[in-house]
Q: 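Below is a structure I'd like to ask you about.
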There are 2 protein chains.
Amino acid sequence: MHGRFILHTVIKLWGTRGMNIGKLAKNSGVSAKTIRYYESIGLLPPASRSANGYRVFEDSDLQTLRFIQRARGLGFSVKDVLHLLSLWRDPGRSSSEVKALARRHMEHIDTRIDDLQTMRRVLDDLAHRCHGDSHPECPILDTLAGANANVDTGSEEKS
Amino acid sequence: MHGRFILHTVIKLWGTRGMNIGKLAKNSGVSAKTIRYYESIGLLPPASRSANGYRVFEDSDLQTLRFIQRARGLGFSVKDVLHLLSLWRDPGRSSSEVKALARRHMEHIDTRIDDLQTMRRVLDDLAHRCHGDSHPECPILDTLAGANANVDTGSEEKS
DNA sequence: CCTTGACCTTCCTGTGCATGGAAGGTTTAT
DNA sequence: ATAAACCTTCCATGCACAGGAAGGTCAAGG
């Protein structure tokens with residue numbers, strides 16, 4: 001009696017749970033194309049297939065996909081996401097490892113912000129010095145041409 | 001005798017003005033590989049060739065390369081640099097066009113800075129809340145997994 | 001004269017992160 | 001029967017180069 005109920009429930013849940021790639025795409029907000037891509041690079045495990053060859057996904061795939069989405073949204077590379085996923089699935093992980101990964105990523109972000117801000121400052125200065133009228137004279141072009149002032153573009157030569 | 005000497009000298013001088021790709025690379029700090037690439041996509045005009053098929057560059061190419069370098073250093077895309085180069089070479093340009101291009105680029109940079117700063121703030125917050133010890137508990141992973149905060153409770157399922 | 005090594009050439013592949021499309025099979029609805 | 005809405009694989013594209021293979025060229029030295 002009891003066993004039969006459980007079996008029934010299991011079968012029912014089992015039958016209800018699988019979804020095709022389109023549904024997973026809708027549920028996750030990640031395109032079917034990208035889901036296949038994630039599978040191909042190992043971010044998602046290879047989905048099982050139904051008789052017609054269609055991929056069948058489970059709820060766990062949806063969870064994984066959402067995890068990936070959030071991590072990518074924070075700028076983590078696919079490689080980092082792979083690492084984060086493995087840490088997530090590892091009950092024996094230490095949070096220090098996760099934190100270290102996050103910090104390395106933050107440093108990377110900081111570098112990029114600094115680079116962009118340097119560019120922004122230079123551009124802002126140049127734009128302010130450019131009249132922006134119908135005449136051809138333009139300090140922006142002059143500077144790019146290396147006319148007079150030495151502009152530090154942030155990327156120094158290495159020779 | 002004399003004529004031959006002069007001819008020799010002329011040829012030698014002529015030969016001195018042009019440079020091979022290696023020298024241009026050294027003088028500009030741009031790799032030979034990249035110089036060829038720039039030529040292939042039209043950033044640099046097709047270089048003339050000497051009898052052996054080697055590219056021969058002039059000082060004008062060096063100037064152009066430096067222009068490209070500075071523009072790239074300011075984050076302009078290759079496409080934008082193409083535009084900037086054409087404006088640079090156009091005596092009938094109006095500085096307003098240059099300025100507009102620069103401003104569009106600045107807006108783009110601002111957007112990227114904002115995005116990165118948002119990521120940075122979130123990461124910083126998560127990192128602060130993570131103990132970073134030998135235990136597995138980690139708010140970073142919890143957040144990526146969608147543990148607590150604003151996770152839709154999934155009451156709008158539709159199959 | 002021949003070799004060595006530093007040049008140079010073209011062509012193909014790989015990077016990161018997908019996106020777009022072609023060509024075709026399957027399922028469902030009308 | 002046919003359309004539409006799915007699904008499949010494989011190939012191409014974009015950015016801005018870098019790496020390397022396979023081979024031609026040139027100057028110096030034994």
Side-chain angles (χ1 to χ4, degrees), chain A residues 18-44 46-57 61 65 68-85 105 108-109 112 115-116 119 153 155 158, chain B residues 11-12 15-16 18-44 46-57 61 65 67-85 105 108-109 112 115 119 159:
Chain A
M19 42 184 156
N20 283 346
I21 200 167
K23 195 175 176 201
L24 179 60
K26 234 167 236 164
N27 284 347
S28 66
V30 176
S31 75
K33 211 95 193 185
T34 300
I35 293 172
R36 283 189 208 103
Y37 169 69
Y38 283 169
E39 188 195 77
S40 79
I41 62 172
L43 219 40
L44 284 173
S48 58
R49 305 292 182 122
S50 54
N52 52 18
Y54 290 9
R55 284 175 184 79
V56 178
F57 296 94
D61 296 308
L65 210 43
I68 295 168
Q69 244 187 321
R70 279 184 264 253
R72 296 283 301 126
L74 286 177
F76 285 102
S77 69
V78 163
K79 201 177 172 189
D80 279 350
V81 176
L82 217 43
H83 194 170
L84 286 167
L85 279 170
H105 180 49
H108 188 224
I109 286 181
R112 280 167 58 205
D115 289 350
L116 288 169
M119 293 176 192
T153 57
S155 60
K158 41 191 177 180
Chain B
I11 287 174
K12 190 167 180 213
T16 311
M19 40 183 163
N20 283 345
I21 201 168
K23 196 173 175 203
L24 180 61
K26 234 165 234 164
N27 284 347
S28 66
V30 176
S31 76
K33 212 96 190 181
T34 300
I35 293 170
R36 284 189 206 102
Y37 170 69
Y38 283 171
E39 188 195 76
S40 81
I41 61 171
L43 262 191
L44 284 174
S48 58
R49 304 293 182 122
S50 54
N52 53 21
Y54 290 10
R55 284 174 182 79
V56 178
F57 296 95
D61 294 310
L65 251 190
F67 184 102
I68 295 168
Q69 243 187 323
R70 280 185 263 255
R72 296 283 302 129
L74 287 177
F76 284 102
S77 69
V78 162
K79 202 175 173 188
D80 279 351
V81 176
L82 215 45
H83 195 170
L84 285 167
L85 278 171
H105 180 49
H108 188 225
I109 287 182
R112 281 165 60 205
D115 288 350
M119 293 176 190
S159 58

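Reminder, nothing fancy here: chain letters follow the sequence lines and each chain counts from 1. In this text, all values refer to a predicted model and were calculated from it rather than measured experimentally.
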Q: Is there a side chain to side chain contact (heavy atoms under 4.5 Å, CB included) between B/R112 and A/R112? Walk through the geometry before answering.
A: CA-CA 10 Å; B/R112 281 165 60 205; A/R112 280 167 58 205; over 6 Å; no

Q: Under a criterion of less than 4.0 angstrom to any heavy atom of chain B, what are the 5'-terminal and 3'-terminal contacting nucleotides of DNA chain D?
A: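 First-to-last contact on DNA chain D, by the 4.0 Å heavy-atom rule, is D/dA16 to D/dC26.
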
Q: Could you list the protein-to-nucleotides 25-28 of chain C atom pairs, N/O on both sides, closer than 3.5 Å?
A:
| residue | atom | partner | partner atom | Å |
| --- | --- | --- | --- | --- |
| C/dG25 | N2 | A/Y54 | OH | 2.9 |
| C/dT26 | O4' | A/Y54 | OH | 3.4 |
| C/dT27 | OP1 | A/N52 | ND2 | 3.4 |

Q: To the nearest 10 degrees, how far apart in direction are the end axes of the helix from C/dC1-D/dG30 to C/dT30-D/dA1, each fit to five base pairs?
A: 40°

Q: Please answer whether the main-chain N or O of A/V30 pairs with a side-chain N or O of A/Q69 as donor and acceptor at a distance below 3.5 Å.
A: no

Q: Between A/H105 and A/D80, is there a donor-acceptor pair closer than 3.5 Å when you use the side chain of the first and the backbone of the second?
A: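 The answer is no, because no donor-acceptor pair under 3.5 Å joins these two groups.
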
Q: Okay, side chain of A/N20, backbone of A/G22: is any donor-acceptor separation there less than 3.5 Å?
A: no

Q: Could I get the full list of side chain to side chain donor-acceptor pair (under 3.5 Å) partners for A/T34, not counting sequence neighbours?
A: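 Testing A/T34 for side chain to side chain donor-acceptor pair (under 3.5 Å), a comparison that skips the adjacent residues, returns A/S31.
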
Q: Might you point out which heavy atoms bring B/A25 and B/A32 nearest each other, and give the distance in Å?
A: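 Closest approach of B/A25 to B/A32: CB-N, 3.8 Å.
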
Q: Write down the atom of A/N52, the atom of A/S50, and the distance for their closest heavy-atom approach.
A: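 A/N52 and A/S50 have their closest heavy atoms at OD1-OG, 2.7 Å.
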
Q: Of all the heavy-atom pairs spanning A/L74 and A/I109, show the shortest one and how long it is.
A: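 That would be O-CD1, 4.0 Å.
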
Q: In chain order, what residues pass the side chain to side chain contact (heavy atoms under 4.5 Å, CB included) check against B/L82, with sequence neighbours excluded?
A: B/L43

Q: With a 6.0 Å cut-off (strictly less than), is the heavy-atom count around NE2 of B/H108, excluding the residue itself, greater than 12?
A: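 No, the 6.0 Å shell around NE2 holds no more than 12 heavy atoms from other groups.
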
Q: Applying a 4.0 Å non-hydrogen cut-off, can you work out what B/I21 is touching in the nucleic acid: base, sugar-phosphate, or nothing?
A: sugar-phosphate

Q: Would you say that A/L65 contacts A/F57 through its side chain, given a criterion of any heavy-atom pair below 4.5 Å between the two side chains?
A: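 Answer no - side chains too far apart.
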
Q: Go along nucleotides 10-18 of chain C 5' to 3' and tag each nucleotide: B for a protein heavy atom under 4.0 Å from its base, S when only backbone or sugar atoms are that close, - otherwise.
A: B------BB

Q: Which atom names give the shortest non-hydrogen contact between A/A47 and A/E39, and what distance separates them?
A: N-OE2, 2.8 Å

